[in-house]
Each structure stands twice: as C-alpha cells, then as structure tokens.
Amino acid sequence: MTGSHTPQNGPLGRRGLLVGTAATALTLSTVSFANAAPGKNDGKGGGTDQDDVTQTVRGTLPTGSPDFVYLPVEVPRGVREIAVSYTYEKTPVPAGTQGNALDIGIFDERGTELGGRGFRGWSGGARAGFFIRADEATPGYVAGPVRAGTWNIALGPYTVAPEGLPYEVTIALRFGQPGTTPTPGYPPEHAKGRGRAWYRGDCHLHSVHSDGKRTPAEIATAARAAGLDFINSSEHNTHAAHSAWQGLWGDDLLILTGEEITTRNGHVIALATDPGTFVDWRYRARDNRFGHYAKAVRRAGGLVVPAHPHATCIGCHWKFGFGEADAVEVWNGPYTPEDEIALAEWDNSLVAAVRASKPWVPAMGNSDAHREPDKVGLPQTVVLAEELSRDAIVAGIRSGHSYIAESSAVSLSFGASGGRGGHAGIGERLRADPDSPVTVRLEVTGAPGCTVHFVTDQGTLFTTALPESGSGTVEWRTTPAYAAYVRAEVRHPSTVPGLPGAPAALTNPVFLGR
C-alpha cells in the first residue's frame, strides 16, 4: 500500500520538542507509522516491492539551534527498507552573514547515545537522500536489517540564516522480505613491501562515501599513479567505506581504515583504526569529551591526528589542543598560508617539548583530496617502517620517523652525526655533550630550483640553494648548545612578497644533546 501524511513542524516549540543533554541536541515529536500495513500478503510483513508508506515533516529551525536535531521515527515490523530525502531553503543573506546549511544522518533503534551502537550513517550535506536495507545502503550508510523500533534521523544545522532554516524531511518505509546482509570484507593488515624501507602514504582522502566524488577504485588507481605504498580511508563521520575496498589492495598497496572525525570545533583523523570502528563526533571542546574519544581511537589501534588545524572554514579550526595528538597535519593539500601557520605552531610545540623535557608531536602531511583536480599524494608522508604493515606504519608515524614530500619525485636523507661516532636520523636523538661538534647532513633529489633551510629552536640558522638539477648534499656544523634540534625544509622560490616559498619537502626534527 502507499500513503502520505504531512505533519507540520513549525518554528521550534510547536510539536512538543525535547531538549537534549547540555543543550547541544534537540528532539522533535515522533513520526508514527503505527497504522502502516505491509500490503496484500500473508499479514506477516512479506509485502511486495511496491508496498510503501510515506510521511513528510516540515519545520523551521531558528538561529541558535543546537548542533543536532533528532527526528524520531517509529518503524513497524516487516520493513525491508527505509529511505529518507530532505530539502531546505537556502535563504539569501547579506554579505558577511552565514546562510543555511543542513547536514543529515541516521541512528537505528539502538538509540542516539553518544558513542553508542545506533549509528547507521552520515552524509553531512553531500546528499539529498539515502536508503538503508539489509543487503545494501547508500554510500556513507551501513547496510543491515531495518529492525522495528524508534529510529532517529539526525539533522545537523551547520549554519542558520537570520530568518531561520525551513526544511522538509520525507520518510518512506518499504515492506517485504529483509534480505541478507553480506559479511564485510576488510583490507589485510600487511602488504608485500620491501622490508625495512621508506614508504609513502596519503592518510586523508575522501570518496563517494562522504563528500568526495571519486570511487574507492578511482582513489586506489590515483594512489598507485602517485607512487604511494599506503593510504587511509578517512570519510567524514562514518566508517561505512571500510568494507568498500574489496579487490583494490595488493602487494603494492596497503589500505588502512579510519575516519575524519568532523566536529564543530575542528577535524581530526582517526588513522589506521580497526576495521569497522566508528568514532563519535557529536561534541565541542567545551563538552570536555574529546579525550575519551581520542583514547577510543588508540584502543582501536589507531593514531589521533588533528587535521588542517588552522583551516578557515566554519568548524574546521582546531580548538581541542594537542595534548591528545599522536601527530599533527601541518600540510594539507596544495600549500597555503594556513599551512604555514600550522607549521609555525608545530615548531613552537617542539621548543616547548624541549624546554619541558616532554614528548613531542610529529608532523605529517596529506592531500585531503576530494575530487578532480585534487591530487592524491600532494603532499605525502614518507615513513621509515620495518615492513609495509599497519602496525609498522603506525609505529613509524608515531615515532616521527618520517618526512613530508610534495610528490614521489622528491626524496630525502637527513641526519646528524658527532659526539663519539654517533648518528641520529629523522625523529631520533643524537646523544652529545653541549659543546660537542655536530654535523647535520641532508641529501636531496627531485627538487630543482629549491633552497634548503635548517630550522632550529632559535629559528632558521642556515640556508643554501640546491644545484640547478635539484639534487645535492648539504652539510652544516653546530653544537647541541646552539641548536636543541634541527629540521630541514626544502622550499621553492617565493611567489608572494613577504611569504616564504611553498615546500617541496619538510622533515621531522633530529634532536641534539643529552
């Protein structure tokens, strides 16, 4: 049978609204399908594919709405598919004023509890609708049975115009045999690799499973073309893509699974978590909950990596601090002034770590590629790992045994020697007395027209141009008393007066002294 009902849900307050915890969520009145019938069949929920019931809810969210608005839906027995579509008005606004933007996702009958098991998908503002059934779901959503109970459509009013955000949500339930949910196939944790070697990876990528336009197959092809050895699945606020890489890995490509946890106070990559791990994002810095979810990422075997911490898009600027970070993304896509700020902030953190004799946070770079012409592998993190495996790559990134390159054409070797015949590479410490002579050495290939900069806790203390070929060796002598650490920057010529040139490569530091 088919049917339609359109309950009105006007400005907040008309339909018995419930405010959630800490005034960060709000629950609308329940949409009931209590009178829905499965159609002409045996009465046990086995209707035909044409059986469906539909309801539409309309309303307006005012300026100052909470981050999440839940629309409960009572799902009866016998439903094989739930389909949701929505629209909202993009009201014209004056220059400098934020217009309307409304995200969407869904939680099943297990509830909306923070960190709970009810999550079934999120598409943000990338899609106008989605469906879920046992055997299949829209990308970004998790296939599985549509069980009876109260489901919740999650609306996220990202920004709201002064006149409010008028919206319309249509829910369709289709009855019939539920079908079978396939067993997910996850990428293996090892690839053939080259033993102990430098491996190149891009750990911030988006496909059609969030707001990207590339399929996983297209991303895998682009990764191989960019000379990458590993990638990390990092969709916004969903783990649905973890099982979407079947047949795309190989001896030459390790595929890690993760998530870009996209909060209202910044984005963070959950890198190389256990396949199937979902990490919640419904909190702000003021809620004091990020530490809990950072620990959840690590319990799942992953790394916590704040992404583009100085990005200027709304909600992108990182406000949780770096106390829980395992690494930080200082270079995101084509290099911009935002990255220069992130790099400077990270360098300041190195000084603070040296001063307090505390652990330091390594840097990494990723493309954040979404669609053409975004380049997968611009930039890429080059990691020294014992093998091409999830555990080895995670260990290499966590220890800072890595550098960032703009492409696979750029290769570096960087280290320091001195003291009693000692040597230390990237991310390591050269044990030497304060006045012991130390030689810092950088070998570069693939950086024509670039200049080498050696940066210390005092700032840049040495600069020299590379040969025209872009390949060469640079040495500089110092002492631990003069430089507590040294890191290398290989930069292109400046194109903007007063700003340094974009990097071809950046290294993590070598620390000097006891």
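For the residue pair Glu387 / Ser389, a side-chain donor-acceptor distance below 3.5 Å is found, with atom types taken as modelled. For Asn332 and Glu329, the side-chain atoms include at least one donor-acceptor pair closer than 3.5 Å. In this model, no donor atom of one side chain and acceptor atom of the other lie less than 3.5 Å apart for Ser367 and Gln380. His209 and Ser207 are not linked by any side-chain donor-acceptor pair at a separation below 3.5 angstrom, with hydrogens and angles left out of the test. Under 3.5 Å, the side chains of Ser402 and Thr381 contain no donor-acceptor pair of N or O atoms. At a cut-off of 3.5 Å, with distance as the only test, a side-chain donor of Tyr335 or Glu340 sits close to an acceptor on the other residue. No donor-acceptor contact under 3.5 angstrom links the side chains of Asn508 and Tyr485, judged on distance only. A donor-acceptor contact under 3.5 angstrom links the side chains of Glu235 and Ser210, judged on distance only.
Taking OG1 of Thr215 as the reference point, atom CH2 of Trp245 lies at 8.5 Å (rounded to 0.5 Å). Note that the CG atom of Leu205 and the OG atom of Ser233 stand 8.5 Å from one another [nearest 0.5 Å]. Put simply, CZ on Phe33 and CH2 on Trp151 are 12.5 Å apart, with the number rounded to the nearest 0.5 Å.
With sequence neighbours excluded, the residues that form a side-chain hydrogen bond (donor to acceptor under 3.5 Å, both in side chains) with Asp326 are Arg298. In this structure Trp122 satisfies the ring-ring contact (aromatic ring centres under 6.0 Å, His included) test together with Trp281, sequence neighbours excluded. By the ring-ring contact (aromatic ring centres under 6.0 Å, His included) test, Trp249 pairs with no residue at all, sequence neighbours left out.
The aromatic rings of His308 and His204 sit tilted relative to each other, their planes meeting at an angle between 30° and 60°. The aromatic rings of His317 and His310 lie perpendicular to each other, with more than 60° between the two planes, well past the 30° mark. Ring geometry, Phe278 versus His239: the interplanar angle falls from 30° to 60°, so the pair is classed tilted.
A donor-acceptor pair under 3.5 Å is formed between the side chain of Thr159 and the backbone N or O of Gly99. Under a 3.5 Å cut-off, the side chain of Arg110 and the backbone N or O of Arg117 do form a donor-acceptor pair. Not a single donor-acceptor pair under 3.5 Å links the side chain of Arg58 to the backbone N or O of Val169. Of the possible polar contacts, one joining the Glu259 side chain to the Val279 backbone as a donor-acceptor pair under 3.5 Å is found.
We find that Asp108 and Arg147 are joined by a salt bridge, their nearest charged nitrogen and carboxylate oxygen being less than 4.0 Å apart. Here Arg127 does not pair with Asp103 in a salt bridge; the nearest charged N to carboxylate O distance is not below 4.0 Å. Arg200 and Glu406 are not joined by a salt bridge, as no carboxylate oxygen comes within less than 4.0 angstrom of a charged side-chain nitrogen. The existence of a salt bridge linking Asp287 and Arg289 is excluded, since no basic side-chain nitrogen approaches an acidic carboxylate oxygen closer than 4.0 Å. A salt bridge is defined here as a Lys NZ or Arg NE, NH1 or NH2 lying under 4.0 Å from an Asp or Glu carboxylate O, and Glu324 with Lys295 meets this definition.
The six-membered or imidazole ring of Phe131 lies away from that of Tyr141, with a centre-to-centre distance of 6.0 Å or more.
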Inset, instruction - Kindly indicate, with the supporting measurements, whether the criterion salt bridge (charged side-chain N to carboxylate O under 4.0 Å, His left out) is fulfilled by Arg214 and Glu372. - result: CA-CA 8 Å; Arg214 292 184 174 104; Glu372 296 296 338; 3.0 Å; yes

Inset, instruction - Go through Thr263 and Tyr283 one step at a time and tell me if the side-chain contact (heavy atoms from CB on, under 4.5 Å) criterion holds. - result: CA-CA 7 Å; Thr263 79; Tyr283 42 83; 3.9 Å; yes

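Here the closest non-hydrogen pair linking Gly301 and Arg390 is CA-NH2, 3.5 Å.
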